[in-house]
Amino acid sequence: MRLNRIPRAAAAAAALLLAAACGSSGSGGSSATGLNPPALKAPTKLGATEGQVNLIAWAGYVEDGSNDPKADWVHGFEKQTGCQVHSKVAASSDEMVKLMKTGEYDAVSASGDASLRLIASGDAAPVNTALVPNYKDIFPGLKNGAWNSVKGRMYGIPHGRGANLLMYNTGKVRPAPTSWSAVFDDAAPYKGHVTAYDSPIYIADAALYLKATKPELKITNPYALDQKQFDAAVALLKQQNKNIGEYWSDYLKEVSAFKSGDSLVGSTWQVIANLAASEGAKVKAFVPKEGSTGWSDTWMVYSKAKHPNCAYKWLNWIVSPKVNAQVAEYFGEAPANSRACAETSDKSFCTVYHAADESYWKKIAFWNTPIAQCLDGRTDVKCVPYDQWVQAWTEIKG
């Protein structure tokens, strides 16, 4: 079962990226960010394994049976490779970035709000995907993303993905919503019973809604907001705050709130919707007509890893069909490996999580780290960096 993920970012995040981002910009793809990371090389071949690997991961990604006897894909890896796994659970993307800088870890399961920071600082090295045989079966939509590649070079191996959905109480919210307006412009009827994700990255949800409803703002990327666009998103969220009953980060608390009726409408994850429904809550979750934000995690290798060969073995193992299926079901996300769906214990799992539905994922704007060099390729303005998102989020919540 997926545990809570809180991508809190420190004010230093944007400063780190600004130091590495230059003014040049390409056309299209991730090159449009103007991000020029250090010239690091990926290995051309693997050597002998070093006997251990040190990992940083989200809770539920590196399981050895100690939390749940049925969840153990570590011991199989150790037996096959001879690499003993040492892992540390991180509670936030910010913590992951900080830990990677210690030099004590070989790889990390970074979300999109951390991956660019690691690339820009030179902490994450480009990967040679040819040395990860299971990479060939990764869904195309997860390769060469704006959050895991720069100028056509992959900086990790995709692990899984999920969407931030709109969930509502089917008995109390009528008519059934089709738009994010249910938590923004049309939220007043549910005052005190609206819920939103508790993180600065949620500002992108407001920007995504404004992209569709306020075309005059000319928002093309919810993570690339100039000052005017950013101010409009913040104003919308301050307006929304009057109707918020609770900002959530703990998935169990959100399940409880929808079961009790304290929450009637708000953002959620598929795993939360499934659990709430299984416990009797009358809820439905979906991607509204404007689309949604979402997250995609990538296993990245430290540029000065002490155990790079074991790290590469882990990257290949964790996205192998059977293991990737196990992690996806335990964590509550769509697997990255296209062959994993045949290995899930619940044969409807990949259908519920839209694993192979690329048209579904095209509606999702995956988390990315806002920097002053606009991620949409604009060079005539500066965009608002993430440290200011953090400051604004404190003001929004009052």
Side-chain angles (χ1 to χ4, degrees), residues 1-7 160-199 201-209 212-213 222 236-237 240-296 328 331-334 346 348-349 351-355 357 360-361 363-367 397:
M1 177 56 65
R2 178 191 179 100
L3 302 179
N4 67 312
R5 164 200 306 243
I6 311 171
R161 53 186 168 179
N164 297 315
L165 309 174
L166 176 62
M167 183 160 71
Y168 68 98
N169 182 308
T170 58
K172 301 278 184 71
V173 179
R174 296 176 179 174
T178 60
S179 164
W180 284 110
S181 64
V183 297
F184 291 123
D185 292 330
D186 301 327
Y190 311 108
K191 183 179 178 67
H193 299 284
V194 177
T195 186
Y197 189 45
D198 189 2
S199 168
I201 205 71
Y202 184 69
I203 294 173
D205 291 57
L208 188 74
Y209 175 67
T213 58
L236 179 62
L237 290 166
Q240 182 198 48
N241 177 261
K242 299 173 184 177
N243 296 313
I244 292 288
E246 181 180 33
Y247 290 98
W248 70 273
S249 58
D250 184 324
Y251 80 96
L252 290 176
K253 289 184 178 179
E254 192 183 28
V255 169
S256 178
F258 270 90
K259 285 171 61 180
S260 68
D262 287 341
S263 291
L264 297 178
V265 64
S267 60
T268 196
W269 297 323
Q270 187 66 58
V271 66
I272 296 174
N274 294 352
L275 184 58
S278 72
E279 295 186 5
K282 296 179 179 179
V283 296
K284 183 177 181 180
F286 67 104
V287 174
K289 62 183 182 182
E290 300 90 0
S292 293
T293 60
W295 43 268
S296 173
F331 194 73
E333 66 184 342
D346 176 1
S348 66
F349 182 85
T351 300
V352 172
Y353 282 83
H354 303 275
D357 186 355
Y360 176 88
W361 297 109
K363 304 173 186 176
I364 310 303
F366 290 108
W367 285 347
K397 293 173 62 180

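The closest side-chain heavy-atom distance from Asn274 to Gln270 is below 4.5 Å. Here the side chains of Val183 and Tyr209 are not in contact, with every heavy-atom distance at 4.5 Å or above. Thr293 places none of its side-chain heavy atoms less than 4.5 Å from the side chain of Ile201. For the pair Leu275 and Leu252, the minimum side-chain heavy-atom distance is below 4.5 Å. For the pair Trp248 and Lys253, the minimum side-chain heavy-atom distance is 4.5 Å or more. The shortest side-chain heavy-atom distance between Tyr197 and Thr268 does not fall under the 4.5 Å cut-off.
Taking OH of Tyr360 as the reference point, atom CZ of Arg161 lies at 10.0 Å (rounded to 0.5 Å). Interatomic distance, Thr213 OG1 to Leu208 CG, rounded to the nearest 0.5 Å: 9.5 Å. Rounding to the nearest 0.5 angstrom, the gap separating the CG atom in Leu236 from the CG atom in Asp185 is 6.0 Å.
Using cut-offs of 30° and 60° for the angle between ring planes, the Trp361 and Phe366 rings count as parallel. Relative ring orientation between Phe331 and Trp295 is described as perpendicular, the plane-to-plane angle rising above 60° on a 0-90° scale split at 30° and 60°.
The two residues Asn243 and Ala187 come nearest to each other via the heavy atoms ND2-CB, 3.7 Å. When all heavy atoms of Leu166 and Ala182 are compared, the closest pair comes out as CD2-CB, 4.3 Å. Summarising the geometry of Ser179 relative to Lys289, their closest heavy-atom pair is CB-CE, 3.7 Å, with the distance given to 0.1 Å.
The closest donor-acceptor contact from the side chain of Lys191 to the backbone of Lys242 lies under 3.5 Å. His193 contributes no side-chain N or O that, together with a main-chain N or O of Ser263, makes up a donor-acceptor pair within less than 3.5 Å.
Between the side chains of Glu254 and Thr195, not a single donor N or O lies within less than 3.5 Å of an accepting N or O. Side-chain contact of Ser181 with Asp186: a donor-acceptor pair under 3.5 Å is present, judged by distance alone.
In terms of the side-chain contact (heavy atoms from CB on, under 4.5 Å) criterion, residue partners of Ala355 (sequence neighbours excluded) are, by chain and number, Phe139, Ala334, Pro335, Cys341, Cys350. For Ser296, the side-chain hydrogen bond (donor to acceptor under 3.5 Å, both in side chains) partners two or more places apart in sequence, or in a different chain, are Trp147. By the side-chain contact (heavy atoms from CB on, under 4.5 Å) test, Ser292 is found to be paired with Trp180, Val287, Pro288, Ile364, residues two or more places apart in sequence or in another chain being considered. Taking the salt bridge (charged side-chain N to carboxylate O under 4.0 Å, His left out) definition, one finds that Glu246 meets it with nothing, sequence neighbours left out. Residues forming a side-chain contact (heavy atoms from CB on, under 4.5 Å) with Ala276 (at least two apart in sequence, or on another chain): Val255, Ala281, Val283. Residues meeting the side-chain contact (heavy atoms from CB on, under 4.5 Å) test with Lys172, sequence neighbours left out: Asn169, Leu264.
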**Request:** Please test Lys397 against Asp198 for side chain to side chain contact (heavy atoms under 4.5 Å, CB included), starting from the C-alpha separation and ending with a verdict.
**Result:** CA-CA 9 Å; Lys397 293 173 62 180; Asp198 189 2; 2.8 Å; yes
**Request:** Check the pair Tyr247, Asn241 against side chain to side chain contact (heavy atoms under 4.5 Å, CB included), reporting the backbone distance first and the verdict last.
**Result:** CA-CA 9 Å; Tyr247 290 98; Asn241 177 261; 2.9 Å; yes
**Message:** Using the rule given for side chain to side chain donor-acceptor pair (under 3.5 Å), can you reason through Ser267 versus Asn164, listing the C-alpha separation, both sets of side-chain angles and the distance that settles it, and then say yes or no?
**Reply:** CA-CA 6 Å; Ser267 60; Asn164 297 315; over 6 Å; no
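In summary, of the residues considered (Tyr190, Phe286, Phe258), a side chain to side chain contact (heavy atoms under 4.5 Å, CB included) with Tyr168 occurs for Phe286 alone.
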